[in-house]
**Q** 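Take this structure, written in structure tokens, and hold onto it; I'll ask about it next.
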Amino acid sequence: MDIVVIMDGPETVNPETDTTYALMLAAEEREHRTWHCQAGDIELNEGRVWARARRARADEGAALPLRLETPERLDLATVDAVLVRTDPPFDSSYLHLTLILDHLVNDTLVVNAPRGLRDANEKLYVCRFPEITPPMIVTSDADQLTAFSQAHGAAVLKPIGGHGGRGVMVLDPHDQNAPSIIDTLTSRGRTPVVAQKFMENVASGDKRILLLDGDPLGAVLRLPTESDFRANICVGGQAVAAEVNETDQRIIDRIAPSLRADGLMFVGIDVINGHLTEINVTSPTGIQQLGRLTGTRPAHDVISWLERAAR
């Protein structure tokens, strides 16, 4: 197969942790061709989607783990699959990319589907399933945020467009900094934020479960450091092996039909204390940690699924 991967520049690749890199390496090991391009390399011309792409060579042992060859102009209607793996934030350029990729829907498998990427904000998509999420509100109103944190003892505030734990703060109603935190995150009442009930046992870990076509590939438990309540790997969280338990499976069964209907085939969900807190759809991570901790090859599972789905 020819698989075009829309991602950030090769200089951003960390071969030890990067999920996109692991997928490209697995594709090469299964004798497929991978192509690299960035969002700005995609164009719509006379109703057809083209990419200025470079043949990519993934090599774990090389000084440059992702080597790119001379650029070529590819008609994306003629390739087998397109993986959208550009890292957040979801900005106007990303929105325009999804609108262009819509023109491929009847010709080429795009993962995740452009419409799904537009509709499924990673912080707000969980609001569709209130029975499995912690108590939460979305508002820019300081009084409501204060009342919510008082009602639940404390709250976690998240920027709607944030990623990697950036800007995520605990709102303690007894903290003298609470008004300033609200002021900062809401841009003085102009920008809504997500407020979720603070889970007292968050120190016990934040479970990341990777889903492929609505089924679990596996799970890792991300443990925060002693000095930070956030468990994101990129801010120092430690990944340990975890099982998908009955509560996790009930959450998966509840959201899987919606994920499939929206074309969200490869996602990462975050579960704390049996509650769904986020659904990561743009470029979910954790596949390398999952493989190392479980002795499995989840990246190959994804490429195997692509082989079947593309046919």
**Q** Please determine, by modelled atom types, if Gln249 and Asp253 share a side-chain donor-acceptor pair under 3.5 angstrom.
**A** yes

**Q** What do the steps show when you test Thr98 against Arg118 for side chain to side chain donor-acceptor pair (under 3.5 Å), and what is the final call?
**A** CA-CA 7 Å; Thr98 67; Arg118 282 197 303 277; 3.3 Å; yes

**Q** Would you say the side chain of Val244 lies within less than 4.5 Å of the side chain of Pro216, judging by non-hydrogen atoms?
**A** yes

**Q** Check whether Val5 and Leu23 end up in the same hydrophobic cluster, where Ile, Leu, Val, Met, Phe, Trp and Tyr are linked by side-chain heavy atoms less than 4.5 Å apart.
**A**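 Yes, because Val5 and Leu23 connect within a single hydrophobic cluster, where side-chain heavy atoms sit under 4.5 Å apart.
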
**Q** When you measure from the side chain of Thr19 to the backbone of Gly286, do you find a donor-acceptor pair of N or O atoms at a distance under 3.5 Å?
**A** yes

**Q** Supply the atom-to-atom distance Ile100 CD1 to His96 NE2, rounded to the nearest 0.5 angstrom.
**A**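 The CD1 atom of Ile100 sits 8.5 Å away from the NE2 atom of His96.
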
**Q** Below 4.5 Å, heavy atoms only, C-beta onward: do Gln38 and His36 meet side chain to side chain?
**A** yes

**Q** Using modelled atom types only, decide if a donor and an acceptor are shared between the side chain of Asp262 and the backbone of Leu264 within a distance under 3.5 Å.
**A** no

**Q** If every non-hydrogen atom of Asp75 is compared with every non-hydrogen atom of Trp50, which pair is closest and at what distance?
**A** N-CE3, 3.5 Å

**Q** For the residue pair Glu60 and Pro15, establish whether any side-chain heavy-atom pair is separated by less than 4.5 Å.
**A** no

**Q** Look at atom CD of Glu131 and say whether more than 12 heavy atoms of other residues, nucleotides or ligands are closer to it than 6.0 Å.
**A** yes

**Q** Under a 4.0 Å N-O cut-off, is there an ion pair linking Arg311 with Asp80?
**A** no

**Q** When you check the gap from the basic side-chain N to the acidic O, do Arg57 and Glu69 get nearer than 4.0 Å?
**A**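 A salt bridge links Arg57 with Glu69.
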
**Q** Please answer whether the main-chain N or O of Asp87 pairs with a side-chain N or O of Tyr94 as donor and acceptor at a distance below 3.5 Å.
**A**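 No.
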
**Q** Can you check side chain to side chain contact (heavy atoms under 4.5 Å, CB included) on Asp41 and Arg54, steps first, answer last?
**A** CA-CA 10 Å; Asp41 296 318; Arg54 298 170 181 259; over 6 Å; no

**Q** If you look at every heavy atom in Gly268 and Leu210, which pair is closest and at what distance?
**A**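 Closest approach of Gly268 to Leu210, heavy atoms only: CA-CD2, 4.0 Å.
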
**Q** Counting distance only, does the side-chain N/O of Asp175 pair as donor-acceptor with the main-chain N or O of Asp172 below 3.5 Å?
**A** no

**Q** Donor-acceptor pair, His32 side chain versus Glu28 backbone, under 3.5 Å?
**A** no

**Q** Does the pair Leu259 and Ile279 meet the rule for a side chain to side chain contact (heavy atoms under 4.5 Å, CB included), with working shown?
**A** CA-CA 10 Å; Leu259 295 176; Ile279 300 179; 4.2 Å; yes

**Q** So His275 and Gln196, do their side chains get closer than 4.5 Å, heavy atoms only?
**A** no

**Q** Would Leu211 and Leu217 satisfy side chain to side chain contact (heavy atoms under 4.5 Å, CB included), going step by step from the backbone distance to the final call?
**A** CA-CA 6 Å; Leu211 304 181; Leu217 284 170; over 6 Å; no

**Q** Minimum heavy-atom separation for Pro159 and Val168, please, with both atom names.
**A**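 Between these two residues, the closest heavy atoms are CD-N, 4.2 Å.
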
**Q** Salt-bridge test for Arg260 and Asp215: reply yes if a basic N is under 4.0 Å from a carboxylate O, no otherwise.
**A** yes

**Q** Between Asn45 and Arg48, is there a donor-acceptor pair closer than 3.5 Å when you use the side chain of the first and the backbone of the second?
**A**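 Pair absent, no side-chain N/O of Asn45 close to backbone of Arg48.
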
**Q** Determine whether Glu122 and Lys158 satisfy the following criterion, salt bridge (Lys or Arg N to Asp or Glu O under 4.0 Å), listing intermediate values before the conclusion.
**A** CA-CA 11 Å; Glu122 297 183 329; Lys158 302 178 181 181; over 6 Å; no

**Q** A quick test of your reading: do over 12 heavy atoms of other residues, nucleotides or ligands sit less than 6.0 Å from CZ of Arg52?
**A** no

**Q** Among the clusters formed by ILVMFWY side chains lying less than 4.5 Å apart, do Leu66 and Leu83 turn up in the same one?
**A**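 Same cluster: Leu66 reaches Leu83 through Ile, Leu, Val, Met, Phe, Trp or Tyr contacts under 4.5 Å.
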
**Q** Heavy-atom distance under 4.5 Å between the side chains of Leu25 and Thr34, does that happen here?
**A** no

**Q** So, Ser304 side chain and His300 main chain: donor-acceptor pair closer than 3.5 Å or not?
**A** no

**Q** Out of Val79, Leu44, Val49, which one pairs with Leu104 under the side-chain contact (heavy atoms from CB on, under 4.5 Å) rule?
**A** Val49

**Q** Donor-acceptor pair, Asp59 side chain versus Pro65 backbone, under 3.5 Å?
**A**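 No, the answer is negative, given that no donor and acceptor are paired below the 3.5 Å cut-off.
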
**Q** Using a 3.5 Å distance criterion without hydrogens, assess whether the side chain of Asp206 forms a donor-acceptor pair with backbone atoms of Ile272.
**A**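 No, because the side chain of Asp206 does not come within donor-acceptor range (under 3.5 Å) of the backbone of Ile272.
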
**Q** Parallel, tilted or perpendicular for Tyr125 and Phe129, by the 30°/60° rule?
**A**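 Judged by the thresholds at 30° and 60°, the geometry between Tyr125 and Phe129 is perpendicular.
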
**Q** Give me the atom names and distance for the closest heavy-atom approach of Phe148 to Pro135.
**A** CZ-O, 3.3 Å

**Q** Any non-hydrogen side-chain atom of Leu221 less than 4.5 Å from a side-chain atom of Leu223?
**A**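 In short, these two side chains touch, coming nearer than 4.5 Å.
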
**Q** Under a 4.5 Å cut-off applied to non-hydrogen side-chain atoms, are Val156 and Leu171 in contact?
**A** no

**Q** Please check: side-chain N/O of Arg208 versus main-chain N/O of Val220, any donor-acceptor pairing under 3.5 Å?
**A** no

**Q** Could you measure the distance from the CZ atom of Arg128 to the OG1 atom of Thr133? Nearest 0.5 Å is fine.
**A** 13.5 Å

**Q** When rounded to the nearest 0.5 angstrom, what distance separates CD1 in Ile269 from CG in Asp248?
**A**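 Going from the CD1 atom of Ile269 to the CG atom of Asp248 covers 7.0 Å.
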
**Q** Could you tell me the separation between the CG atom of Asn245 and the OG1 atom of Thr247, rounded to the nearest 0.5 Å?
**A** 5.0 Å

**Q** Look at atom CD of Glu11 and say whether more than 12 heavy atoms of other residues, nucleotides or ligands are closer to it than 6.0 Å.
**A**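 It does: Glu11 CD has more than 12 such atoms within range.
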
**Q** Give, for atom OG1 of Thr108 and atom CD1 of Ile3, the distance between the pair rounded to the nearest 0.5 Å.
**A** 12.0 Å

**Q** For Asp2, is there an ion pair with Arg55 - N to carboxylate O distance below 4.0 angstrom?
**A**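 No, this pair does not count.
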
**Q** For residues Met136 and Val271: do they belong to one hydrophobic cluster (side chain heavy atoms under 4.5 Å, members Ile, Leu, Val, Met, Phe, Trp, Tyr)?
**A** yes

**Q** Measure the spacing between NZ of Lys123 and OG1 of Thr277 and express it to the nearest 0.5 Å.
**A** 9.5 Å

**Q** Between Trp35 and Leu74, does the side chain to side chain contact (heavy atoms under 4.5 Å, CB included) criterion hold? Intermediate values first, please.
**A** CA-CA 10 Å; Trp35 300 79; Leu74 296 183; 3.6 Å; yes

**Q** Do Leu95 and Ile160 belong together in a cluster built from hydrophobic side chains that touch within less than 4.5 Å?
**A** yes

**Q** Measuring only between side-chain heavy atoms, which start at C-beta, is Leu306 closer than 4.5 Å to Leu109?
**A**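 Yes, their side chains come closer than 4.5 Å.
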
**Q** Identify the heavy atoms of Val138 and Cys127 that sit nearest to each other, and give their distance.
**A**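 Closest pair (atom of Val138, atom of Cys127, distance): CG2-SG, 4.4 Å.
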
**Q** Check for me, please, whether Ile255 and Met265 land in the same ILVMFWY cluster - side-chain distances under 4.5 Å, paths through other members count.
**A**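 No, Ile255 and Met265 fall in different hydrophobic clusters.
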
**Q** Under a 3.5 Å cutoff, is there a donor and acceptor pairing between the side chains of Arg190 and Thr186?
**A**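 Judged by distance alone, the side chains do not pair up.
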
**Q** Look at Lys207 together with Asp270 and state whether they make a salt bridge at an N to O cut-off of under 4.0 Å.
**A**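 No, no charged N to carboxylate O under 4.0 Å.
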
**Q** Which heavy atom of Pro10 sits nearest a heavy atom of Leu68, and at what distance?
**A**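 In this case the closest contact between Pro10 and Leu68 is CG-CD1, 3.7 Å.
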
